[in-house]
2 protein chains.
Amino acid sequence: MKKPRLRSNCPVNFALETFGDTWSLLIIRDIVFWGKKTYGEFLDSKEGIASNILSSRLSHLVQNGVLIKKPDKNDKRKSIYQLTEKGLDLIPMLLEMSGWATRNDPETTSPKDFVEYIFANREKMFKLIRETVKTGGSLFVGKDCVVSKLFKSSP
Amino acid sequence: MKKPRLRSNCPVNFALETFGDTWSLLIIRDIVFWGKKTYGEFLDSKEGIASNILSSRLSHLVQNGVLIKKPDKNDKRKSIYQLTEKGLDLIPMLLEMSGWATRNDPETTSPKDFVEYIFANREKMFKLIRETVKTGGSLFVGKDCVVSKLFKSSP
DNA sequence: ATAATTCACTTGCAATTTGCAAGTGAATAT
DNA sequence: ATATTCACTTGCAAATTGCAAGTGAATTAT
């Protein structure tokens, strides 16, 4: 999916060359929204990415500094993929994209009220989401996910 | 570039199916940043899109309600492509993408200070950019472009 | 201890998509 | 009238994608 030559130094083009294929943003979505971390979890995505394509996209994202790959302490067969700072910086764009689609796709499965809540409290929420993902959490899944933090009452 | 079947109803996937190929966002960038409007102008982009691909991307964007195509009053050979409301709604995402790349691409040609100025005055600037593009202007080019409005002194 | 399973990939190949080069026909300029 | 411009289309080669079937190391089950 990547061109050997650099097409231009335009920022939009740089972004497209880094993650502008059909699958990379879905991988990043799986991390941010669903807390996925391993090859097998990404392979399971609803959209059905092929295993060879997943492999090539993951290594491209690692090579471009969006993801880091670390060995899993508990299972030596696995690796953990996480967003770098550069990758975490993509969250606002990913959320804008999701916001746009949530507003414009009549068939969306996206929780409209929650999305609008996020944008209504943009600064605070974006920060919370970034910190959550940075420490291994996600927007929707897991004990310490953003949704839990917001809506579950404190002990 | 579009798949016949819908891969999922996830908002990120919806966005990717609408404009997630290698060229669509460059077309939208050419409109927002550089005020391009016609087939020939898009064909001229620095990245060198092939004429058949441009043709297919333009019709896909029109079909998906991101662009409208109108006849040029002065030259019947030409058509004018413009962003619809749905297309104008993409500006925040495009700007986040540009911001990310401007901060992360060491070789960027993007004006860093101006980009940061935009984000420092986000609400006001996004509104100004949207209104400017909506009325046929652009960020950088043309008498009434955003840059002129900001930095040229009033008469 | 051995065997079966899981996991993260890789390989081979067919099908789709892309990209180049060369048209085409209508509208405008000379 | 003729040439040129404009927005495409067509034909084909090259690259990319996607499916199905491996592969080998690590883990689990027996």
Side-chain angles (χ1 to χ4, degrees), chain A residues 1-8 13 16-27 30-31 34-64 67-82, chain B residues 1-8 13 16-27 30-31 34-64 67-82:
Chain A
M1 63 110 244
K2 179 103 184 297
K3 284 299 167 38
R5 74 174 197 290
L6 195 68
R7 297 186 299 182
S8 80
N13 188 58
L16 291 173
E17 291 191 348
T18 305
F19 55 79
D21 64 278
T22 326
W23 295 105
S24 292
L25 280 175
L26 296 177
I27 294 170
D30 281 346
I31 296 174
W34 310 112
K36 295 186 183 182
K37 293 174 168 49
T38 65
Y39 184 91
E41 288 172 337
F42 299 129
L43 202 57
D44 254 0
S45 81
K46 205 172 170 187
E47 290 85 8
I49 186 171
S51 60
N52 55 342
I53 306 293
L54 174 57
S55 177
S56 97
R57 292 317 172 252
L58 284 172
S59 49
H60 183 248
L61 290 169
V62 169
Q63 278 222 328
N64 284 272
L67 299 179
I68 16 160
K69 181 181 184 176
K70 329 179 168 172
D72 185 320
K73 307 282 181 191
N74 303 322
D75 187 337
K76 287 178 191 162
R77 292 169 304 178
K78 298 188 188 177
S79 291
I80 303 294
Y81 292 91
Q82 285 181 313
Chain B
M1 64 110 244
K2 182 106 182 299
K3 285 300 165 39
R5 74 173 197 293
L6 195 68
R7 297 187 298 181
S8 80
N13 188 59
L16 291 173
E17 292 192 347
T18 306
F19 55 78
D21 65 277
T22 326
W23 295 105
S24 292
L25 280 175
L26 296 175
I27 294 170
D30 281 345
I31 296 174
W34 309 113
K36 295 186 181 181
K37 293 175 169 49
T38 65
Y39 183 92
E41 288 172 334
F42 299 128
L43 202 58
D44 254 0
S45 82
K46 204 172 170 190
E47 289 86 6
I49 187 171
S51 60
N52 54 342
I53 307 292
L54 174 58
S55 178
S56 94
R57 294 316 173 251
L58 285 172
S59 47
H60 183 249
L61 290 169
V62 169
Q63 279 221 328
N64 284 273
L67 299 179
I68 15 160
K69 180 182 186 176
K70 330 178 170 173
D72 185 320
K73 308 283 182 189
N74 303 322
D75 187 337
K76 286 178 194 164
R77 292 169 304 176
K78 298 187 187 178
S79 292
I80 303 293
Y81 293 91
Q82 286 180 312

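From a predicted model like this one, the values you see are computed outputs, not experimental measurements. Heavy atoms only: backbone and side chains are in, while hydrogens, waters and symmetry mates are out. Residue numbers begin at 1 in each chain, while the letters A, B, ... track the order of the sequences.
- Scanning both residues, B:D30 and B:S45, for their nearest heavy atoms gives OD2-CB, 3.4 Å.
- The side chain of A:K69 places an N or O atom within less than 4.0 Å of a non-bridging phosphate oxygen (OP1 or OP2) of C:dC9.
- Residues satisfying the side-chain hydrogen bond (donor to acceptor under 3.5 Å, both in side chains) criterion with B:K70, sequence neighbours excluded, are B:Q82.
- Atom NZ in B:K78 sits about 9 Å away from atom C1' in D:dT5, given to the nearest Å.
- In this structure, B:L43 places its CG atom 13 Å from P of D:dT9, rounding to the nearest Å.
- Between the NE2 atom of B:H60 and the P atom of C:dT18 there is a distance of 11 Å, rounded to whole Å.
- Side-chain N/O atoms of B:R57 include none lying less than 4.0 angstrom from OP1 or OP2 on C:dT17.
- In this structure, B:W23 does not reach the C:dT18 phosphate: none of its side-chain N or O atoms is under 4.0 Å from OP1 or OP2.
- Here the side chain of A:Y39 pairs a donor or acceptor atom with the backbone of A:S51 at under 3.5 angstrom.
- Nucleotide D:dC6 holds its C1' atom 12 Å from the CG atom of B:D44, rounded to whole Å.
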Base-contact (B) and sugar-phosphate-only (S) positions in nucleotides 24-30 of chain C, heavy-atom cut-off under 4.0 Å, - elsewhere: --BBS--
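- Rounded to whole Å, the distance from CG on B:L54 to P on C:dC20 is 13 Å.
- Counting heavy atoms from C-beta outward, A:W23 and A:E47 have side chains that approach closer than 4.5 Å.
- Checked against D:dT9, C:dA8, D:dG18, the side chain of A:T38 finds its nearest nucleotide in C:dA8.
- Neither OP1 nor OP2 of D:dT5 sits under 4.0 Å from any side-chain N or O of B:Y39.
- Where B:G40 and A:N52 meet DNA chain D, the nucleotide closest to each residue was compared, and B:G40 sits on the side nearer the 5' end.
- Residues B:T18 and B:L61 come closest through the heavy atom pair O-CD2, 3.7 Å.
- Rounded to whole angstrom, the span from the CD1 atom of B:I49 across to the C1' atom of C:dA21 amounts to 16 Å.
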Take A:N13 and B:L26, measure what side chain to side chain contact (heavy atoms under 4.5 Å, CB included) needs, and give me the verdict at the end. CA-CA 7 Å; A:N13 188 58; B:L26 296 175; 4.2 Å; yes
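- Counting to the nearest Å, the C1' atom of C:dT6 and the CD atom of A:E41 are 14 Å from each other.
- Side-chain atoms of B:S55 and base atoms of D:dT9 include no donor and acceptor less than 3.5 Å apart.
- Taking every side-chain heavy atom of A:S51 into account, D:dA20 is the closest of C:dA22, D:dA20, D:dG18.
- Contacts of A:F42 with the nucleic acid, taken as non-hydrogen atoms under 4.0 Å apart, are absent.
- Taken to the nearest 0.5 Å, the CD1 atom of A:I31 stands 4.0 Å off from the CZ atom of A:F42.
- If you take CD1 of A:I53 and P of C:dC9, they are 15 Å apart, rounded to a whole angstrom.
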